[in-house]
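For reference, the structure discussed in these notes is given below.
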Amino acid sequence: MYPFKFVRENLDLLKKTAELKNQKVEWDKFEELDNERRRLIMFIEERKKWQKDLTEKISREKENKDLITPLINQARKYSDEINEAENRLNKIEKELEKIISFIPNIPHSSVPVGKDEKDNVVVKEWGEKKEKNFQVLPHWEIGEKLGILDFQRGSKITGSFFPVFKGVGAFLVRSLINFMIDLHIKNGFKEVWVPSLVNRDSLFNTGQLPKLEDDMYYLERDDFFLIPTAEVPVTNLHKNEVLNEDDLPIYYVAYTPCFRREAGAYGKETKGLIRVHQFDKVELVKFVKPETSYDELETLLQEAEKVLQLLNLPYRVVLLCSGELSFAGSKCYDIEVWCPGVEKWLEVSSCSNFESFQARRANIKFRRKDGKTDYVHTLNGSGIALPRTIIGIIENYQTENGEIIVPDVLRDYMKMERIAI
RNA sequence: GGAGGGGUAGCAUAGUGGUCUAAUGCGGCGGAUUGCUAAUCCGUUGUACCGUCGAAAGGCGGUACCGUGGGUUCAAAUCCCACCCCCUCCGCCA
């Protein structure tokens, strides 16, 4: 969310970025209303000044009725004029804010310009796609055979794409969450537990609203939303705060369930655990000084990569092009794990720098040593999302006789070497 | 859900219609004193917007901001209404 002045002074740049991100904005209307807003402010402020002077005179001469009666009449006139102009100003500012709220964040200069996923750049590949001398089954087949996944019963309870994990499957979910959180705590992240329901304001601040309203579950009675990611509650932890420079950087790790309606996504990559309405995720969030945020993005990416390296799952890192960047993002890396059963790279993490975009909306500042305040930069990355990681484990660690070897790093948690019938 | 108390600049607190242009303390920043630290003393102090000057840092002039939004009034931190949040107690409840 940019201030009016910034938009006014950077119209060309913002128009270009909105185009790159395929976002429609009412630019002409903005210019017209912005001019009118400034005219009105000048009109109002002038009259307020006059009114103030009169008020002072009235106050001084309040004993002298004959003298102040005409003054009061004049002041009343100003008061009416101010009132009327302010009503118009309020309307105009609301309209302007609505227009501005649809202006997306500006991509960083290192982001490749492009339209769709074909223009993304693979910047790294890690691990080996091991050749197996047997046909690797997709996770839903082997998972149901082993009794650790149950899609039928999930849809009975709620609807399709609400999976059930059973027995060792449920234990695997719990173990992965603990493994990931333990890892991140060891590397300096502070664990937080936050609400999974949030208000409109919080979603606006992180940039999900106004654009993605239809993609979220909504509780009408209370005007709350179920979170699509822990990014929303964790980033809003410091809404309307002024942090101390010495407190930065702040690193948080949070486990939460995530809820996504995935409106219109049916039929595409939706089998098994690939795309579900409710899933678990361990999320990393950083609050940092602007001058360090791009270094912080690289270390955030490394932190997320560590999870896959320790699980020994082959993955690649993709730098998103401008057209694929989210509304609020300045730069974003996706991490995709190779899943040989479905023969696809599946996204398990998205690491983004939002620069000051979210901090402006959420009003999160910090005070520098010289006393000046500045907006923090916020970053977040999944560290990492569970269902697709589980796909990766089931499909990469599958044996010929239909068992799953437990990755070394999880054996401390699960106290077993293989998942078998 | 009910009753009462509260929300004032980074924090803590004062302020019940008109020099409030929001006081005071702490903290922060700058300086003085000083073997070191501490203490003391002096100065300074927020945010947003509009106009104007400037390449910029910023300067100057103005307006607004006392939880949020309305209302009364010539004039609101102060009076009235609604809502939000925090605290205490009661009720209900996993």
Side-chain angles (χ1 to χ4, degrees), chain A residues 1-10 30-101 193-205 219-225 233 236-248 250 287 289-291 356 359-376:
Chain A
M1 189 71 173
Y2 302 103
F4 297 137
K5 200 170 161 183
F6 181 86
V7 178
R8 187 187 312 142
E9 288 168 359
N10 294 279
F30 170 83
E31 287 184 77
E32 185 194 320
L33 292 177
D34 181 58
N35 284 329
E36 179 153 14
R37 168 175 175 267
R38 283 186 287 166
R39 272 200 301 277
L40 276 170
I41 287 173
M42 278 189 270
F43 177 87
I44 290 166
E45 289 191 351
E46 193 177 37
R47 252 136 272 250
K48 278 194 174 169
K49 173 89 176 95
W50 295 341
Q51 191 191 45
K52 247 172 114 171
D53 294 343
L54 279 180
T55 296
E56 211 183 302
K57 269 185 209 150
I58 292 166
S59 168
R60 231 180 302 134
E61 306 284 346
K62 61 182 155 191
E63 305 304 323
N64 192 340
K65 288 249 162 58
D66 289 347
L67 202 77
I68 63 169
T69 304
L71 297 183
I72 288 179
N73 284 335
Q74 183 59 44
R76 197 176 284 155
K77 235 183 90 191
Y78 290 147
S79 185
D80 290 344
E81 283 176 1
I82 291 166
N83 234 301
E84 196 186 323
E86 275 188 336
N87 284 340
R88 268 178 69 206
L89 181 64
N90 284 342
K91 257 187 217 151
I92 285 169
E93 292 200 331
K94 267 194 194 118
E95 277 184 72
L96 275 170
E97 266 159 30
K98 200 177 155 200
I99 294 170
I100 287 180
S101 73
W193 188 97
V194 292
S196 299
L197 297 183
V198 294
N199 57 33
R200 263 174 200 283
D201 182 60
S202 293
L203 282 160
F204 179 81
N205 290 343
L219 292 126
E220 198 174 359
R221 276 180 76 144
D222 301 287
D223 202 23
F224 292 154
F225 292 81
N236 278 287
L237 270 176
H238 293 299
K239 130 173 20 166
N240 293 327
E241 289 185 25
V242 180
L243 305 165
N244 289 320
E245 183 171 5
D246 290 339
D247 295 336
L248 299 176
I250 296 173
F287 297 82
K289 290 193 264 182
E291 54 270 31
S356 60
R360 281 178 196 285
R361 290 185 167 213
N363 190 27
I364 307 170
K365 298 181 176 177
F366 74 105
R367 192 175 302 284
R368 291 189 188 271
K369 292 264 159 51
D370 63 9
K372 285 182 191 149
T373 56
D374 200 354
Y375 289 106
V376 299

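Below, chain A is the first sequence line, B the second, and so on; all start at residue 1. Values below: all heavy atoms of this structure, side chains included; hydrogens, waters and symmetry mates excluded.
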How would you label the contact of R360(A) with the nucleic acid (heavy atoms, under 4.0 Å): base, sugar-phosphate, or nothing? nothing
Measuring only the P atom in each nucleotide, how far is A48(B) from C42(B)? A whole number of Å is fine. 31 Å
Using the P atom in both, what is the distance from U52(B) to U33(B), to the nearest Å? 46 Å
Using the C1' atoms only, state how far U72(B) lies from A82(B), rounded to an integer number of Å. 15 Å
Between K49(A) and R368(A), which has a closest nucleotide on RNA chain B that is more 5'? R368(A)
Checking salt bridge (charged side-chain N to carboxylate O under 4.0 Å, His left out) for the pair R60(A)/E56(A): CA distance, chi angles, key distance, verdict? CA-CA 6 Å; R60(A) 231 180 302 134; E56(A) 211 183 302; 3.6 Å; yes
Which residues satisfy the salt bridge (charged side-chain N to carboxylate O under 4.0 Å, His left out) test with E97(A), sequence neighbours excluded? none
Extract, from 5' to 3' on RNA chain B, the first and final nucleotides lying under 4.0 angstrom from some heavy atom of chain A. G10(B) to A75(B)
Using the salt bridge (charged side-chain N to carboxylate O under 4.0 Å, His left out) criterion, which residues pair with E86(A)? Sequence neighbours excluded. K48(A)
Distance between the C1' atoms of C80(B) and G1(B), in whole angstroms? 26 Å
When the P atoms of U88(B) and G71(B) are considered, how many whole Å apart are they? 36 Å
When rounded to the nearest 0.5 angstrom, what is the spacing between NZ in K239(A) and CG in N363(A)? 10.5 Å
Tell me what K5(A) touches on the nucleic acid: a base, only sugar-phosphate, or nothing, going by heavy atoms under 4.0 Å. sugar-phosphate
For E291(A), side-chain contact (heavy atoms from CB on, under 4.5 Å) partners two or more places apart: K289(A), R368(A)
Read 5' to 3' with Watson-Crick or G-U pairs under 3.5 Å, [ ] for crossing pairs and | for partners on another strand, RNA chain B gives ((((((((.[[[..)..(.....]]]((((((.......))))))((((((((....)))))))).[[[[[..)....]]]]])))))))....
Identify, with sequence neighbours excluded, every residue that meets salt bridge (charged side-chain N to carboxylate O under 4.0 Å, His left out) alongside K49(A). D53(A)
Could you walk me through whether D80(A) and R76(A) pass salt bridge (charged side-chain N to carboxylate O under 4.0 Å, His left out), step by step? CA-CA 6 Å; D80(A) 290 344; R76(A) 197 176 284 155; over 6 Å; no
Give me the distance, rounded to whole Å, that separates C53(B) from A39(B) when you measure between the P atoms they each carry. 49 Å
Which part of the nucleic acid, if any, lies within reach of E56(A) when heavy atoms closer than 4.0 Å are counted: base, sugar-phosphate only, or nothing? nothing
Contact class for K365(A) (heavy atom, under 4.0 Å): base, sugar-phosphate, or nothing? sugar-phosphate
Rounding to an integer number of angstrom, what distance separates A77(B) and G7(B) when you compare their C1' atoms? 12 Å
Not counting sequence neighbours, list each pair that qualifies as a ring pair (Phe, Tyr, Trp, His ring centres under 6.0 Å) and has a residue in residues 48-97 of chain A. W50(A)-Y78(A)
With P as the reference atom in both, quote the distance from U8(B) to C86(B) in angstrom, rounded to an integer. 14 Å
Those residues at least two apart in sequence (or on a different chain) that pass side-chain contact (heavy atoms from CB on, under 4.5 Å) with E84(A) are none
Would you kindly compare I58(A) and N83(A) by the position of their nearest RNA chain B nucleotide and give the one closer to the 5′ end? N83(A)
Under the salt bridge (charged side-chain N to carboxylate O under 4.0 Å, His left out) test, residues paired with D246(A) that sit two or more places apart: K369(A)
Remember a base hit wins even if backbone is also touched, and classify R37(A) as base, sugar-phosphate or nothing at under 4.0 Å, heavy atoms. sugar-phosphate
